[in-house]
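Let me begin by presenting the structure, written as structure tokens, before commenting on it.
Lettering of chains follows the sequences in order, A, B, ..., and the numbering in each one begins at 1.
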Amino acid sequence: MPLSDHAPLPRAFFDRDTLLVARALLGCRLVRRVNGELVAATIVETEAYRGAMDTACHAHRRETPRTRAMFGPPGHAYVYLVYGMHWLLNIVTEPEGSPCAVLVRAVEPHVNEDAMRRLRPVKNRELSNGPGKLTRALAIDKTLYGEDMTRPSQLWVVKGDAPNTISSGPRVGIDYAAPADRDAPWRLWITDNPWVSKAR
DNA sequence: TAAATGATGTCCT
DNA sequence: GGACATCATTTAG
């Protein structure tokens, strides 16, 4: 890949309405440098978590040590553990003080799929068709909490091919949220992409 | 200090 | 379709 393809998306890209960023991220490439190797995967599914007013968002009550990154400037990673075993990757959006983020729910291998398979040795699309699966395949965990993803050091995002069609629906696994937030179609995916996670 | 609870994945039937 | 693994974080007491 030419060097220009490695230029990270700038902070301004993330400093916008979260739903807009969640859309714009589809087709972009998540780039990871691990063990001296470069790996890239296309983002095919995202979810928008829209801050204090969104009862599905971890930051809707107040700032806590865990959610600190979401209150900070856009373009940083918000990584956390769910169910005691899975790391999930979010990218912080909107200005500092507005605790919003986009959850990356599924990716399609693009460059160096072998490295991903070594990190997560499973068959076919099981590799990265889910939020906890892709973090395993890209070696993303707590050590990347708060990482500045606008710098090409360990984890960043580069422009990709814009998808033809985008589909949307309710977010997954947020039964605890208020009905209006549960129903909001803030889960976005590339229509018909086979790497999209299975809906509940 | 203690208890409840997940922005999930895997294995079993 | 359902059970359950597994633990950091949060919230209650």
Taking Watson-Crick (N1-N3 plus N6-O4 or O6-N4) and G-U wobble (N1-O2, O6-N3), each under 3.5 Å, can you produce the dot-bracket string of DNA chain B? Use [ ] for crossing pairs and | for inter-strand ones.
||||||.|||||.
Consider the side chain of A:Pro65, meaning its heavy atoms from C-beta on, and name the nucleotide among C:dT10, C:dT11, B:dA7 that approaches it most closely.
C:dT10
Under a 3.5 Å distance rule, please check whether A:Tyr80 uses its side chain to pair with a backbone N or O of A:Thr67 as donor and acceptor.
no
Nucleotide of B:dT10, C:dA5, B:dA7 approaching A:Met85 most closely (side-chain heavy atoms)
C:dA5
Is there a side-chain contact between A:Arg136 and the phosphate of B:dG9, meaning an N or O under 4.0 Å from OP1 or OP2?
no
Within the side chain of A:Arg23, is there an N or O that forms a donor-acceptor pair under 3.5 Å with the backbone of A:Leu20?
no
Suppose we call a contact any N or O donor and acceptor under 3.5 Å apart; does that hold for the side chain of A:His58 and the base of B:dA7?
yes
Any idea which heavy atoms bring A:Val39 and A:Ala115 closest together, and the distance?
CG2-CB, 3.8 Å
Quick one: label A:Arg66 by what it contacts on the DNA or RNA (base, sugar-phosphate, nothing), any heavy atom closer than 4.0 Å.
sugar-phosphate
Phosphate contact (C:dT9 OP1 or OP2) by A:Lys142 side-chain N/O below 4.0 Å:
yes
Atom-pair distance (CZ on A:Arg171; P on B:dG6), nearest Å
15 Å
Of all heavy-atom pairs linking A:Arg32 and A:Ala139, the shortest is NH2-O, 2.8 Å
Might you confirm whether atom CZ of A:Arg61 has over 12 heavy atoms from other residues, nucleotides or ligands at distances under 6.0 Å?
no
Between B:dA7 atom P and A:Trp87 atom CH2, what is the distance in whole Å?
14 Å
May I ask you to verify if any side-chain N or O of A:Arg187 is less than 4.0 angstrom from the OP1 or OP2 atom of B:dA7?
no
Over all strands shown, is A:Ala177 touching base, sugar-phosphate only, or nothing at heavy-atom distances under 4.0 angstrom?
nothing
Counting only heavy atoms not in A:Arg151, do more than 12 fall under 6.0 Å of its CZ?
no
To the nearest Å, give me how far apart CG (A:Leu188) and P (B:dA7) are.
19 Å
Within the structure, does a side-chain N or O atom of A:Arg120 lie under 4.0 Å from either OP1 or OP2 of B:dG9?
no
What nucleotide among C:dA8, B:dA7, C:dT6 has an atom nearest to a side-chain atom of A:Leu81?
C:dA8
Residue pair A:Thr18, A:Arg50: steps toward the side-chain hydrogen bond (donor to acceptor under 3.5 Å, both in side chains) verdict
CA-CA 6 Å; A:Thr18 307; A:Arg50 312 184 71 181; 5.2 Å; no
Remember a base hit wins even if backbone is also touched, and classify A:Leu103 as base, sugar-phosphate or nothing at under 4.0 Å, heavy atoms.
base
Using the six-membered base ring of C:dA5, report whether A:Tyr83 stacks on it, requiring centroids under 5.5 Å and planes under 30° apart.
no
Considering only B:dG9, B:dA7, C:dT11, which nucleotide approaches the side chain of A:Arg61 most closely?
C:dT11
A:Tyr176 OH - B:dT5 C1' separation (whole Å)
11 Å
